[in-house]
Student: 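Structure below; questions to follow.
Throughout, residue positions are numbered sequentially from 1 according to the sequence presented.
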Amino acid sequence: MNNDILAKLQKILAKADPARGATEAEAQSAMAMAQRLAIQHNIDLASVTVTDAIGCPNIETDRAELDGETATRRLHHESVAQVLIKCFDVAFLWRGTGSKCIIIGEKVDVFIATYCWEWLNTTYLELFRQYAKTHPSHYSERIQRKSYYDGLTLGIVSVNQRQRAEAAASADGASFALVVATKKAAVDARVAEDFPNVKKGREPRRRTEIDRSALHNGHTAGKQIKLNNGLDCSTPAPALA
C-alpha cells in the first residue's frame with residue numbers, strides 16, 4: 001500500500017469523524033472523497049484506521065439495520081455474511097429466519113460493509129447464473145450452488161487477507177496488531193451492550209456433498225473480485241467466464 005496515499009486517506013477519514021467536530025455535510029463530503037481515492041488506488045478502505053495524536057486507535061462503533069428482500073434466508077446470504085465478517089471485522093446478527101440483519105462494527109467498516117452487502121448479494125447470484133449456464137453438474141442444483149458460493153467466499157477472503165498482510169508489512173507491526181485488537185474489543189463491547197441476551201457462537205456446520213468443480217471455479221472467480229467496487233452503486237457484477 002502506498003504510504004502517501006494511506007496518509008492522505010487517514011487525514012480525509014479524520015475529517016469525516018463527528019467526534020472530531022465534523023458536521024454531517026462535512027462527513028458525507030469527506031467520506032465520498034475517501035471512497036473515490038480508495039477505488040482509484042485499489043485500496044481496501046476498511047483497512048485504513050484513523051489514529052489520534054499519540055498513535056492509539058480511535059474506535060467509534062456504529063450499527064446498520066438492513067431490511068431483507070426475502071422472507072427466507074438463502075444460500076448466498078450466509079456466504080456474503082461470512083465475507084463481511086472476515087473482511088470488515090464486523091459482527092453480523094440475523095433477525096429471524098429471513099434475510100433481515102444487523103451489522104455492528106467500527107464506523108467506517110459498517111459504512112462500507114452496508115454497501116458491499118447489497119452489491120455482493122447481486123454479484124453472487126449473477127456469477128453463479130453465468131457459471132451454471134456452461135457447467136452442467138451431476139450434483140443437485142443446491143449442492144452446486146452452495147459449493148460455488150463457498151468457493152467465491154474463500155477467494156474473496158484470501159485476497160483480503162493478502163491485502164492485510166501487505167498493510168501490516170508497510171506499517172509498524174505492533175501498531176497494526178493494536179488496531180486490530182482494539183477494534184475487536186470495541187465491536188464485542190457494542191454487541192454486548194445492544195444485544196445482551198444474544199449468545200455468540202457459530203451455527204453447527206451441516207455435512208453435505210461438495211461439487212469440487214463448482215468450488216474451484218468459485219474460488220477462482222472470487223480472487224478477481226475487488227470489494228471496493230461495492231462502494232460504487234453503478235458498478236455491475238463482474239462478468240467472469
Student: Tell me, yes or no, whether the heavy-atom count around Arg129 atom CZ, taken from other residues, nucleotides or ligands under 6.0 Å, exceeds 12.
Tutor: yes
Student: Can you list everything that forms a side-chain contact (heavy atoms from CB on, under 4.5 Å) with Val159? Sequence neighbours excluded, please.
Tutor: Arg162, Gln163, Lys223
Student: So, taking the atom named CH2 in Trp94 and the one named CD1 in Ile102, what distance separates them when rounded to the nearest 0.5 Å?
Tutor: 11.5 Å
Student: I need the minimum non-hydrogen distance between Val110 and Ala64, along with the two atoms involved.
Tutor: CG1-CB, 3.7 Å
Student: Remaining members of Leu154's ILVMFWY cluster at a side-chain heavy-atom cut-off under 4.5 Å?
Tutor: Ile210, Leu215
Student: Can you name the ring pair (Phe, Tyr, Trp, His ring centres under 6.0 Å) partners of His77, sequence neighbours left out?
Tutor: Trp117
Student: So, using side-chain hydrogen bond (donor to acceptor under 3.5 Å, both in side chains) as the criterion, who are the partners of Thr61 when residues are at least two apart?
Tutor: Arg190
Student: With Glu141, which residues qualify under side-chain hydrogen bond (donor to acceptor under 3.5 Å, both in side chains), at least two apart?
Tutor: Arg145
Student: On the 0 to 90° scale, with breaks at 30° and 60°, tag the Tyr115-Phe111 ring pair as parallel, tilted or perpendicular.
Tutor: tilted
Student: Looking only at side chains, do Gln82 and Glu78 share a donor and an acceptor under 3.5 Å apart?
Tutor: no
Student: The criterion is salt bridge (Lys or Arg N to Asp or Glu O under 4.0 Å); which residues satisfy it with Arg142, sequence neighbours excluded?
Tutor: none
Student: I'd like to check the side-chain hydrogen bond (donor to acceptor under 3.5 Å, both in side chains) partners of Ser140; sequence neighbours left out, ordered by chain and number.
Tutor: none
Student: How many angstroms lie between atom CZ of Arg95 and atom CG of Asp67, to the nearest 0.5 angstrom?
Tutor: 10.5 Å
Student: Rounded to the nearest 0.5 Å, what separation is found between the CD atom of Glu193 and the CZ atom of Phe195?
Tutor: 11.0 Å
Student: Looking only at atom types and distance, does a side-chain atom of Arg73 sit under 3.5 Å from a main-chain N or O of Ser99, one as donor and one as acceptor?
Tutor: no
Student: Using side chain to side chain contact (heavy atoms under 4.5 Å, CB included) as the criterion, point out the one residue from Ile156, Val83, Asn160 that pairs with Ile225.
Tutor: Ile156
Student: Among Asp109, Leu93, Asp62, Leu84, whose side chain to side chain contact (heavy atoms under 4.5 Å, CB included) with Ile103 holds?
Tutor: Leu84
Student: Under the rule for salt bridge (Lys or Arg N to Asp or Glu O under 4.0 Å), what residues qualify as partners of Arg63, not counting sequence neighbours?
Tutor: Glu65, Asp194
Student: List in chain and number order the residues that pass ring pair (Phe, Tyr, Trp, His ring centres under 6.0 Å) with Tyr139, two or more places apart in sequence or in another chain; answer none if no residue qualifies.
Tutor: none
Student: Could you tell me which residues satisfy side-chain hydrogen bond (donor to acceptor under 3.5 Å, both in side chains) with Asp150, sequence neighbours excluded, listed by chain and number?
Tutor: Lys146
Student: Tell me, please, which residues at least two apart from Ala132 pass side-chain contact (heavy atoms from CB on, under 4.5 Å).
Tutor: Phe128, Gln144
Student: Hey, are the side chains of Val90 and Val187 touching, using non-hydrogen atoms and a 4.5 Å cut-off?
Tutor: no
Student: Donor-acceptor check, side chain of Ser147 to backbone of Ala214, threshold 3.5 angstrom: yes or no?
Tutor: no
Student: If you take all heavy atoms of Asn217 and Tyr148, which pair is closest and at what distance?
Tutor: C-CE1, 3.9 Å
Student: Check whether any side-chain heavy atom of Val80 lies under 4.5 Å from a side-chain heavy atom of Tyr149, and answer yes or no.
Tutor: no
Student: Look up atom NZ in Lys100 and atom OG1 in Thr70, then write down how far apart they are to the nearest 0.5 Å.
Tutor: 11.0 Å
